[in-house]
Protein chains: 2
Amino acid sequence: MNGKILQLRAKSETVLVPNYAKLDFANCPVRDVLQQIGGKWATLLMTALAEKPHRFGALRRMVPDISQRMLTQTLRDLQRDGYVDRTVFATTPPSVEYRLTELGRSLYQPVALLLDWANANHEAVRAARSRFDEAAL
Amino acid sequence: MNGKILQLRAKSETVLVPNYAKLDFANCPVRDVLQQIGGKWATLLMTALAEKPHRFGALRRMVPDISQRMLTQTLRDLQRDGYVDRTVFATTPPSVEYRLTELGRSLYQPVALLLDWANANHEAVRAARSRFDEAAL
DNA sequence: CTGTATCCACAGCGATACTG
DNA sequence: CAGTATCGCTGTGGATACAG
């Protein structure tokens, strides 16, 4: 149990060093994953791709409120981490298909559970917030 | 399947409105949860508290590289969302105990699965990144 | 159709100092 | 011991314009 904590937090040695934040991030692989999940679009795109592969434009239509910039960037990040495969078809006009890799599909399993939890319990969270904010008066 | 997507993304009506970002966040409960997970300290503190309740100072020692400010703030956020209970003991000096609520414990289940995944697969992610960055030359 | 490049606003987080 | 207040940096994400 303690081991899990140690893996999540920064290395203890670096605590002695001033301005250690940048160094630590490189040493915490768990954050690499959580960072994506916490990002605004990553889980959403993974959900879309979990259904079936999609093209750039299709994803754009499925998530109409994402900017082109963030769609490209998020897909790049997912590809970089090995969650998504990008295939270019040299047609005219060119088309690009994105699909979940094996790694991506395996990551999506626990992620989906989390999404289910969020959907099931957001009412409770809302209520807790209201109570807290009420009491803070 | 489509329903899940719709719940995750912002409401479609607001797409028509300029500068709709702020409005949407209030309408997307799933993000409320993911936001915390993606935060730098929330999952770490939940992991610590999943073991057993702890006092402020104990948490500070368990996570030596967290600032006082972020420890307080993260605990407040967790408390606000109903994941954590805060109990003040009117001793001298005063002590405060934090413990996971039922809701917090239920959230921690899927979160723990995600952490396990991250621990198990961060090597693969690292490798994928290296390959990607290599190819980008 | 599928991107890149640039600029900018805001929120998250850290450092530091102060308080009941 | 357990916070609060203030400041400043940095990273994330949005708007817009341009390109192969």
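Letters A, B, ... are given to chains in the order of the sequence lines, protein chains preceding strands, and every chain is numbered from 1. It should be emphasised that the depicted structure is a prediction, and the values quoted were computed from it without experimental measurement.
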Atom-to-atom span, CD of A:Q73 to P of D:dG11 - whole angstrom: 13 Å

Non-hydrogen atoms of A:A42 and A:Q36 that approach each other most closely: CB-O, 3.1 Å

Between C:dG12 (C1') and B:D77 (CG): distance, integer Å: 11 Å

Common cluster, A:F132/B:L49, ILVMFWY with side-chain heavy-atom separation under 4.5 Å: no

Of B:E97 and A:M70, the one whose closest DNA chain D nucleotide lies more 5': B:E97

Interatomic distance, A:H54 NE2 vs C:dC1 C1' [rounded to whole Å]: 17 Å

Sugar-phosphate only, base, or nothing, as touched by A:T72 at under 4.0 Å among non-hydrogen atoms: base

Any A:R60 side-chain N or O less than 4.0 Å from OP1/OP2 of C:dC1: no

Nearest-Å distance for atom pair CD/P, residues B:Q35 and D:dG11: 18 Å

Spacing of B:I66 atom CD1 relative to C:dG12 atom C1', expressed in whole Å: 13 Å

B:V88 reachable from B:L78 in the ILVMFWY side-chain graph, under 4.5 Å edges: yes

A:D77 vs A:Y83 side-chain heavy atoms within contact, under 4.5 Å: no

Touch class at under 4.0 angstrom, heavy-atom based, for B:F89 against every strand present: nothing

Nearest-angstrom distance from the residue atom CH2 of A:W41 to C1' of D:dT12: 12 Å

Under-4.0 Å side-chain N/O to phosphate OP1/OP2 contact, B:R55 with D:dG3: no

A:L113 reachable from A:W117 in the ILVMFWY side-chain graph, under 4.5 Å edges: no

Electrostatic pair A:R105-A:E102, nearest N-O below 4.0 angstrom: yes

Gap between atoms NZ and C1', on B:K40 and D:dT10 respectively (whole Å): 11 Å

Quick test: give all pairs of protein nitrogen or oxygen and nucleotides 16-20 of chain C nitrogen or oxygen below 3.5 Å, distance rounded to 0.1 Å.
none

Closest-nucleotide 5' rank along DNA chain C - winner of A:R76 and A:P93: A:P93

Interatomic distance where CG belongs to B:L71 and P belongs to C:dG12 [whole Å]: 17 Å

Path from B:M62 to B:M70 over hydrophobic side-chain contacts below 4.5 Å: yes

